[in-house]
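This report concerns only the one structure given below.
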There are 2 protein chains.
Amino acid sequence: MAYLKGAPRSLAATSLLLTQERVETVARPTVNDIAKEAGVSLATVDRVLNGRPGVRKKTVEKVNEAIRRIGYVRDITAANLARRREYHFVFVLPESDSLFLQSVRDMVNEVAELSRLDRTRITILPVPAHDPHLIAARLGELATVAVDGVAILAPETPPVRDAIRHLKEQDRAVVTLVSDQPNSDRDHFVGVDNVMAGRTAGALMGRFLGPGRHRVMVLVNSMQARDSLERRFGFDQVIAESWPDIEVLPSLEGRDDMDYISSLLPRALEQRGAVDGLYVLGAGNREVSRVLKSLGLSQQVTVIAHELTESTRRGLESGVVDAVITQNVGHIVRSAIRVLRATCDGTPIIEAQEKIRLEIVIRENLP
Amino acid sequence: MAYLKGAPRSLAATSLLLTQERVETVARPTVNDIAKEAGVSLATVDRVLNGRPGVRKKTVEKVNEAIRRIGYVRDITAANLARRREYHFVFVLPESDSLFLQSVRDMVNEVAELSRLDRTRITILPVPAHDPHLIAARLGELATVAVDGVAILAPETPPVRDAIRHLKEQDRAVVTLVSDQPNSDRDHFVGVDNVMAGRTAGALMGRFLGPGRHRVMVLVNSMQARDSLERRFGFDQVIAESWPDIEVLPSLEGRDDMDYISSLLPRALEQRGAVDGLYVLGAGNREVSRVLKSLGLSQQVTVIAHELTESTRRGLESGVVDAVITQNVGHIVRSAIRVLRATCDGTPIIEAQEKIRLEIVIRENLP
DNA sequence: CTGAAAGCGCTTACAG
DNA sequence: CTGAAAGCGCTTACAG
């Protein structure tokens with residue numbers, strides 16, 4: 001273990017411990033050591049190590065035995081150097097001008113630049129957000145070209161799910177991003193639990209509104225998307241459990257149309273009478289701030305929104321938005337790449353590191 | 001750029017783009033290319049690349065010119081392989097049985113195990129928490145042994161600050177952890193802004209208590225530590241700014257003594273009359289839960305605490321604790337190692353990745 | 001001040 | 001089915 005047991009009693013002891021450790025460091029065994037130990041050539045060791053065919057069963061056993069005996073662990077960087085291994089990953093992202101998706105794209109581009117130093121090429125493939133068949137077709141294309149891994153951000157649909165299955169059959173590493181595709185054979189999902197996100201939003205709404213009867217309006221882009229449904233579900237769940245005096249109104253669907261939201265929202269706010277809370281479940285944050293300000297309601301209404309973007313950040317700073325539930329885009333993109341690479345290499349991932357946190361941001365902890 | 005400009009018009013176009021890119025990929029230039037381009041040997045290229053002496057000025061220029069021309073970027077993994085470079089980092093951590101410090105130790109041990117695959121050895125050096133001179137002496141020892149980098153978690157004091165300066169003179173990479181040592185020449189601070197942490201705690205306290213007059217008690221381990229002072233400062237600041245009706249009482253110092261806290265707290269709660277909020281600034285979370293429950297106050301008092309540990313987690317789950325302000329220990333430890341390594345290699349760090357987030361945890365987003 | 005050769009830990013043709 | 005030799009991109013003695 002790395003832990004020096006007990007506190008060293010004197011300075012001399014400390015020094016001794018550290019220098020001794022240095023001296024006694026035993027060189028890690030290499031392929032050469034295996035070859036010697038097993039009495040075979042390097043090439044044979046390599047064949048066994050990489051599970052390549054054309055080795056007698058008995059020889060395989062001999063080599064594996066030697067590996068076990070000397071406790072060999074492969075140096076993956078040396079292997080990649082010798083192989084001239086390069087990774088080519090494609091990020092399949094919807095063509096959408098939402099600030100969140102924009103930040104994902106920007107982050108992918110930024111990380112792509114740095115990844116070239118790690119022999120990793122990253123490409124963005126934009127797809128129409130709402131055409132599952134076209135998305136599936138594009139994914140089908142990826143199964144025919146020289147791509148090692150694919151990260152997909154798309155609504156859950158059967159064609160996409162099948163296309164992912166096909167990618168896996170073609171031996172590509174696949175992760176889903178932000179919104180999962182369950183039952184699709186993807187290797188990993190990089191994102192948060194959206195039911196939990198909705199519950200968190202609901203709990204904050206309840207606590208911020210405080211005791212008493214309140215009405216909460218919910219604004220959503222479209223109730224088609226799985227993530228929206230899950231968030232609304234979690235929100236309703238926690239409100240029903242803990243704040244039964246809060247009435248949550250039916251979702252108002254903005255349908256990805258900013259002008260529509262801008263006209264819908266003021267009418268709804270007036271028509272439905274006093275509203276104390278607004279839960280912005282999907283897009284439309286820019287419009288919300290504008291409308292609330294123009295109606296002079298920005299201080300009266302408690303607003304909880306999702307995803308920290310330029311517009312929700314300004315909302316927090318100006319006090320229109322009270323809390324934002326978000327996921328770190330940089331973490332998501334880097335995690336996706338680490339997981340894709342680990343999948344290609346067949347190495348394990350560090351679960352805790354790849355777990356995307358559900359972050360709560362208020363004005364005071366704005367990064 | 002990695003971004004494929006515009007949406008491809010047809011599937012054929014997509015496929016073409018990707019395969020073409022593959023074909024046109026130009027091999028990255030290597031040291032051999034520099035040598036050819038500059039008309040010198042590999043050894044000379046290496047000398048220039050690593051700034052080693054014994055090369056004529058004119059030759060240096062010739063090589064640098066070639067490097068610039070062909071756009072060479074060094075492959076650090078190949079360099080480390082050839083060098084048989086190993087990193088040896090020491091984490092200097094206080095001997096304390098606080099759950100937070102325990103989790104830091106556990107995480108260092110866990111990461112240490114995995115880091116051996118990356119030619120990185122990590123050792124923990126335990127030091128007495130409250131003896132600055134002894135800590136400084138231990139750090140002095142580290143400057144004499146074969147250690148590449150040191151991560152230090154210790155209260156800010158002049159002896160420690162000077163010891164860090166000395167480590168830097170001996171060319172060790174140094175980062176401070178959790179609690180910074182400003183003016184110490186450390187290369188980097190891995191942790192959060194504690195004034196911000198206090199402000200965040202204050203804002204949550206204000207919002208959770210709601211409008212009206214309230215009294216808040218503050219429990220702290222010791223007001224000596226810089227991080228405690230900063231948190232209290234931020235807390236008071238935001239309360240004064242935004243919730244002037246909240247009265248924040250003087251800090252109660254627990255002095256690292258669990259029994260003392262257990263007897264102090266009930267007396268203070270009774271003596272001071274109605275208390276609506278409790279801000280647990282430092283240690284003592286285990287006692288707080290016990291005392292509040294035994295007094296039957298766990299539902300009446302709003303509790304905000306720091307650091308997500310076993311005990312604050314249980315507090316959140318049982319409803320005694322309302323929110324926890326925390327920093328991800330895994331992220332801190334991994335960040336420290338990445339920064340130490342980058343400092344040793346002289347490579348840049350990714351600021352956004354190394355920025356430790358101030359996380360808010362309530363029952364609903366408990367990881 | 002400069003270069004030829006060997007080597008880091010691993011893989012890849014090629015030959016047998 | 002197995003092995004000797006060359007090579008990945010870089011560095012390190014050693015010789016001149």
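Quick note: numbers below take in every heavy atom, side chains included, and nothing from hydrogens, waters or symmetry partners. Proteins come first, then strands; the chains are lettered A, B, ... in the order of their sequence lines, and each starts at number 1.
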A/Asp187 side-chain N/O to A/Val175 backbone N/O, donor-acceptor pair under 3.5 Å:
no
So, A/Arg172 side chain and A/Gln170 main chain: donor-acceptor pair closer than 3.5 Å or not?
yes
Show every salt bridge (charged side-chain N to carboxylate O under 4.0 Å, His left out) that has at least one partner inside residues 59-75 of chain B, sequence neighbours left out.
A/Arg119-B/Asp75, B/Glu37-B/Arg69, B/Glu65-B/Arg68, B/Glu65-B/Arg69
Will you find, in the side chains of B/Asn50 and B/Arg83, an N or O donor that is under 3.5 Å from an N or O acceptor?
yes
Ion pair present between B/Asp33 and B/Arg28, side-chain N to carboxylate O less than 4.0 angstrom?
no
Under 3.5 Å: donor-acceptor pair, side chain of B/Glu110, backbone of B/Gly330:
no
From NZ of B/Lys36 across to C1' of C/dG3 the rounded distance in Å is 16 Å
Whenever both distances are under 3.5 Å in a Watson-Crick or G-U wobble pair, mark it; put DNA chain C into dot-bracket that way, with [ ] for crossing pairs and | when the partner is on another strand.
|||.||||||||.|||
Figure out the CD1/P separation between B/Ile34 and C/dG3, and round it to whole Å.
14 Å
Considering non-hydrogen atoms only, spot the tightest contact between A/Thr30 and A/Tyr72 and give its length.
C-CE1, 3.7 Å
Is there a donor-acceptor pair closer than 3.5 Å between any side-chain N or O of A/Asp148 and the backbone N or O of A/His88?
yes
If you look at every strand shown and take non-hydrogen atoms under 4.0 Å, does B/Val40 touch a base, only sugar-phosphate, or nothing?
sugar-phosphate
N/O (side chain, B/Arg52) to phosphate O (OP1/OP2, D/dT12) under 4.0 Å
yes
Using a cut-off of less than 4.0 Å, is there contact between a side-chain N or O of B/Thr59 and OP1 or OP2 of C/dT2?
yes
B/Lys57 NZ - C/dT2 P separation (whole Å)
14 Å
Taking only side-chain nitrogens and oxygens of A/Ser41, does any of them come within less than 4.0 Å of OP1 or OP2 of D/dT2?
no
Under 3.5 Å, which protein N or O atoms sit close to an N or O of nucleotides 8-10 of chain C? Give each pair with its distance.
{"residue": "C/dC8", "atom": "O2", "partner": "B/Ala82", "partner atom": "N", "Å": "3.1"}
{"residue": "C/dG9", "atom": "N2", "partner": "A/Ala78", "partner atom": "O", "Å": "3.3"}
{"residue": "C/dC10", "atom": "OP1", "partner": "A/Tyr72", "partner atom": "OH", "Å": "2.5"}
{"residue": "C/dC10", "atom": "OP1", "partner": "A/Asp75", "partner atom": "N", "Å": "2.9"}
{"residue": "C/dC10", "atom": "OP2", "partner": "A/Val31", "partner atom": "N", "Å": "2.6"}

